[in-house]
There are 2 protein chains.
Amino acid sequence: MDAQRAAILEAAVELLAEHGYVGCSMSGVAARAGIATGGVYRHFSGKAELVAELFRVVVSREVAAVEQAAAGSGDLTSRIVAVVETFAGRALKAPRLAYALLAEPVDAVVEQERLVFRRKFAEVFTKWVEEGMRAGVLPRQDAALTAAALVGAVAEVLVGPLAAGSADPDTIPSLVTFTVRALGGNDARNA
Amino acid sequence: MDAQRAAILEAAVELLAEHGYVGCSMSGVAARAGIATGGVYRHFSGKAELVAELFRVVVSREVAAVEQAAAGSGDLTSRIVAVVETFAGRALKAPRLAYALLAEPVDAVVEQERLVFRRKFAEVFTKWVEEGMRAGVLPRQDAALTAAALVGAVAEVLVGPLAAGSADPDTIPSLVTFTVRALGGNDARNA
DNA sequence: TTAAGCAGTGAATCGCGATTCACTGCTTAG
DNA sequence: CTAAGCAGTGAATCGCGATTCACTGCTTAA
C-alpha cells in the first residue's frame with residue numbers, strides 16, 4: 001500500500017513546518033511517522049527522493065491555493081490582489097514552512113525543487129501579465145521577467161519578517177500596492 | 001602578521017567564485033592558500049568565523065561597486081539605472097560568486113551574513129527612494145518595503161540565468177525598465 | 001648561543017546524519 | 001498448514017568534512 005508513503009510524507013511536512021529543513025532527518029521523519037529509521041527506505045530510495053517529493057507536495061498545495069484564490073475574482077487587479085494576499089497571508093501564517101520553501105539553506109537536490117517552486121509561481125503570474133497586456137490594461141513588457149521579478153519581490157519582503165518574528169500589519173497592503181504599480185496597472189498608480 | 005589572514009581569505013574568495021560554497025572546505029581553502037589544513041586554525045577560530053568574514057569581504061566589495069556607480073550620475077533615474085546595471089552586470093560576469101551570494105544553500109551562520117548582504121543593498125535603495133519622494137519624483141510609498149522588493153526582484157531575475165547558463169542580453173535593460181516602473185518614476189512609465 | 005614562541009604540518013579523531021542489513025513478525029497465496 | 005514475501009526493526013557502518021594535537025622548523029630576543 002502507498003498509504004504509508006503518504007503518511008511518511010505527511011510526517012515530513014509536519015517536521016518541515018515545525019523545525020524547517022534541519023528537522024527533516026531520516027530518523028526524525030521515521031520517528032514522527034511512528035516507524036523505525038530503516039523503514040523509510042522501504043518507501044523511498046533515499047533522502048533525496050523523500051525531500052524532493054516533500055517539496056513537490058508542499059509546493060503544489062501552495063500553488064493550488066493561489067490559483068484558486070485568483071480564480072474567484074473578476075478583473076485583473078483583483079486577481080493580482082488575491083494572489084499576493086493569499087501567498088503572503090499563508091506565508092505569514094506558517095512562517096517556518098514558508099521560510100523553508102523560500103529561503104532556507106538546503107542541499108543541492110532540494111535547491112532544484114525550490115527553483116521549480118518559484119518558476120511555477122512565476123508561470124502563474126506570467127499568464128495574467130500576458131492577459132493584461134492583451135486587454136490593454138498593462139503596458140508592454142517582458143511578461144516572464146516581470147513575473148519572476150514579482151515572485152522575487154514578494155519573497156524577499158516576506159523573508160525579513162519570517163526570519164525575524166512578526167510582520168508589520170501593513171506589509172500585505174503595501175505589497176499589493178507595490179505589485180500593482182510594478183505591473184504598470186492603470187489604477188493605484190500612486191498612494 | 002595578518003597578511004596570512006588576508007591571504008587565506010583571498011583563497012576562500014577564489015574558491016567561492018570558482019566552485020561556490022561547497023568548494024570552501026577548510027582543507028580546500030588551506031590547500032589553495034598553500035598551507036596545511038591545521039594552519040588555517042592559527043588565523044580563524046573555525047569555519048564559522050572564516051566564512052562569515054569571507055562573506056563580509058565579498059559583500060563589501062559589491063556594495064562599494066554599486067555605491068560608486070551610483071555616485072557618478074546625477075538625477076535619480078540615472079542613479080537607479082546605474083545601480084541595477086552595476087549589480088546585475090557584475091553578477092552575470094561572476095555567476096558562481098553571485099549565485100553563492102544570492103541563493104546558494106549554506107549553513108545557518110552564513111545565512112545571517114546573507115541577510116545582512118541583502119539588507120545593505122536594500123538600505124542603499126531606501127535612501128534613494130526617500131530622496132525621490134522628497135523631490136516629488138516618486139509617489140508616496142513605504143521606502144523600505146520598495147527597496148527590499150527591488151532587491152528581491154533583481155536577485156530573482158538573475159538567479160534563473162545564473163543557475164542555468166547564459167542570460168538573454170535584454171535582461172539588464174528589461175530589469176531597469178521594471179525597476180523604474182515599480183518605483184513609480186514619472187518617465188519610462190511604459191515600454 | 002640558547003630558549004621561548006609562533007607559524008605550520010598532516011595524520012588521527014570527532015560528530016553527525018545517511019544508509020545498510022541480518023533479523024523479526026505478519027500476511028497471504030498455494 | 002506452509003512457505004514466500006513484504007513491512008518494519010534498530011544497531012552497526014559509512015562517508016565526509018571539521019577539528020585537534022603532538023611535533024617540526026624558523027625567527028627573535030636575551
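Heavy atoms only: backbone and side chains are in, while hydrogens, waters and symmetry mates are out.
Pairing each heavy atom of B:Ala69 with each of B:Thr86, the nearest pair is CB-OG1, 3.1 Å.
Taking a cutoff of 4.0 Å between a charged side-chain nitrogen and a carboxylate oxygen, B:Arg118 and B:Glu123 do not qualify as a salt bridge.
When distances run from any side-chain atom of B:Tyr41 to the nucleotides D:dT19, C:dA7, D:dG8, the shortest one goes to D:dT19. Among the nucleotides D:dG8, D:dA18, C:dA18, the one closest to any side-chain atom of A:Ile35 is D:dG8. Of the candidates D:dT9, C:dT19, C:dA7, the closest approach to any side-chain atom of A:Lys47 belongs to C:dT19. Of the candidates C:dG8, D:dA7, C:dT19, the closest approach to any side-chain atom of A:Met26 belongs to C:dT19.
At the heavy-atom level, A:Ser25 lies under 4.0 Å from the strands shown only through sugar-phosphate atoms.
An angle of 10°, rounded to 10°, separates the two end axes of the helix from C:dT1-D:dA30 to C:dG30-D:dC1, each defined over five pairs.
Taking atom CZ of residue A:Arg5 and atom C1' of nucleotide D:dA7, one finds them 15 Å apart after rounding to whole Å. Residue A:His43 contributes atom NE2, which lies 13 Å from atom C1' of D:dT9 at whole-angstrom precision. In this structure, B:Arg42 places its CZ atom 13 Å from P of C:dG5, rounding to the nearest Å. One interatomic measurement links the two molecules: CD1 of B:Ile8 to P of C:dA7, which rounds to 11 Å at whole-angstrom precision.
Relative to the six-membered ring of A:Phe44, A:Arg5 meets both conditions, a distance below 6.0 Å and an angle of at most 45° to the axis.
Atoms CG and OG, from B:Leu145 and A:Ser174 in turn, are 5.5 Å apart once rounded to the nearest 0.5 Å.
The stretch residues 83-95 of chain B participates, sequence neighbours left out, in these salt bridge (charged side-chain N to carboxylate O under 4.0 Å, His left out) pairs: B:Glu62-B:Arg90.
Regarding contacts with the backbone of C:dG8, a side-chain N or O of B:Gln4 is found under 4.0 angstrom from either OP1 or OP2.
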Task: B:Gln4 and B:Arg42: CA distance, side-chain angles, deciding distance, side chain to side chain donor-acceptor pair (under 3.5 Å) verdict - done: CA-CA 10 Å; B:Gln4 270 302 21; B:Arg42 288 277 154 214; over 6 Å; no

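Closest-nucleotide positions on DNA chain C for A:Gly28 and A:Gly39 were compared, and the one nearer the 5' end corresponds to A:Gly28.
For the ring-ring contact (aromatic ring centres under 6.0 Å, His included) test, residues two or more places apart in sequence or in another chain that qualify with B:Phe87 are B:Phe121.
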